[in-house]
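Counting begins at 1 with the first residue of the sequence. The figures here come from the full heavy-atom set of this structure, side chains too, leaving out hydrogens, waters and symmetry mates.
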Amino acid sequence: MRVDIEKATDRGYGAPDPLRLGAVIIGVLVLDALITLALEVLYLPTYIDTVAFPLSAVLAGVVNVLLVIGVRSVTHHIGVALLPLGVWTLGFLACSVTGPGGDIMLGTDWRTLLLLMCGLVPPLLYLYFRMNAGVFGR
């Protein structure tokens, strides 16, 4: 009777599985999209003296682009890369409806529209140009 002993693989014990680690990173980035949305909505009605200064709307675009870049570093699937934006949009819609007491987190003025546009347009443009990089490089 012959017994073959397989050699141990180079992968050490306790090393994280790359697929699980990628899913955890994507989950954290999706959760981060909700956290940053809450902060953006909170600081949207900021004033400097008597002038409305919605700096959080501009920061929403930068943060959402960084979230998409973070997801694209884990996966190259466009549907997965859109997950933080989808969750951000659902959170935005949830903040724009009235609550049980009739209160509303987002008003009906130009700052709300600015937050929506600044939060969605820059990351979508980033994805568009990244997906069509070969077309624009000619």
[X] side chain near [Y] side chain, heavy-atom distance below 4.5 Å:
| X | Y | answer |
| --- | --- | --- |
| M105 | L42 | no |
| V97 | L93 | no |
| N132 | Y128 | yes |
| P45 | R111 | yes |
| V62 | L66 | yes |
| V71 | P84 | yes |

Going from [atom1] on [X] to [atom2] on [Y], what distance comes out if it is rounded to the nearest 0.5 angstrom?
| X | Y | atom1 | atom2 | result |
| --- | --- | --- | --- | --- |
| T89 | L85 | OG1 | CG | 6.0 Å |
| L90 | W88 | CG | CH2 | 11.0 Å |
| E40 | F92 | CD | CZ | 10.0 Å |
| H77 | I26 | NE2 | CD1 | 9.0 Å |
| T75 | I25 | OG1 | CD1 | 11.5 Å |
| L37 | L115 | CG | CG | 7.0 Å |

Going hydrophobic residue to hydrophobic residue with side-chain gaps under 4.5 angstrom, can you get from [X] over to [Y]?
| X | Y | value |
| --- | --- | --- |
| L106 | Y43 | no |
| F53 | V58 | no |
| L29 | L21 | yes |
| I35 | L67 | no |
| L114 | L116 | no |

Practice prompt. List the steps and the verdict of side-chain contact (heavy atoms from CB on, under 4.5 Å) for T36 and L59.
Written response: CA-CA 10 Å; T36 58; L59 291 177; over 6 Å; no

Discussion item. Using side-chain contact (heavy atoms from CB on, under 4.5 Å), reason through T98 and D103 one step at a time and then give a plain yes or no.
Written reply: CA-CA 5 Å; T98 58; D103 54 345; 6.0 Å; no

Quick check: closest heavy atoms across [X] and [Y], and the distance to 0.1 Å?
| X | Y | result |
| --- | --- | --- |
| G61 | P123 | O-CD, 4.3 Å |
| L34 | G91 | CD2-CA, 4.3 Å |
| C95 | V41 | SG-CG2, 4.3 Å |
| A81 | V68 | O-CG2, 3.9 Å |
| P122 | V65 | C-CG2, 3.6 Å |
| S96 | I104 | O-CD1, 3.2 Å |

Tell me if a side-chain donor or acceptor on [X] pairs with a main-chain N or O of [Y] at a distance below 3.5 Å.
| X | Y | value |
| --- | --- | --- |
| D32 | V28 | no |
| N64 | G119 | yes |
| T112 | T108 | no |
| S73 | G70 | yes |

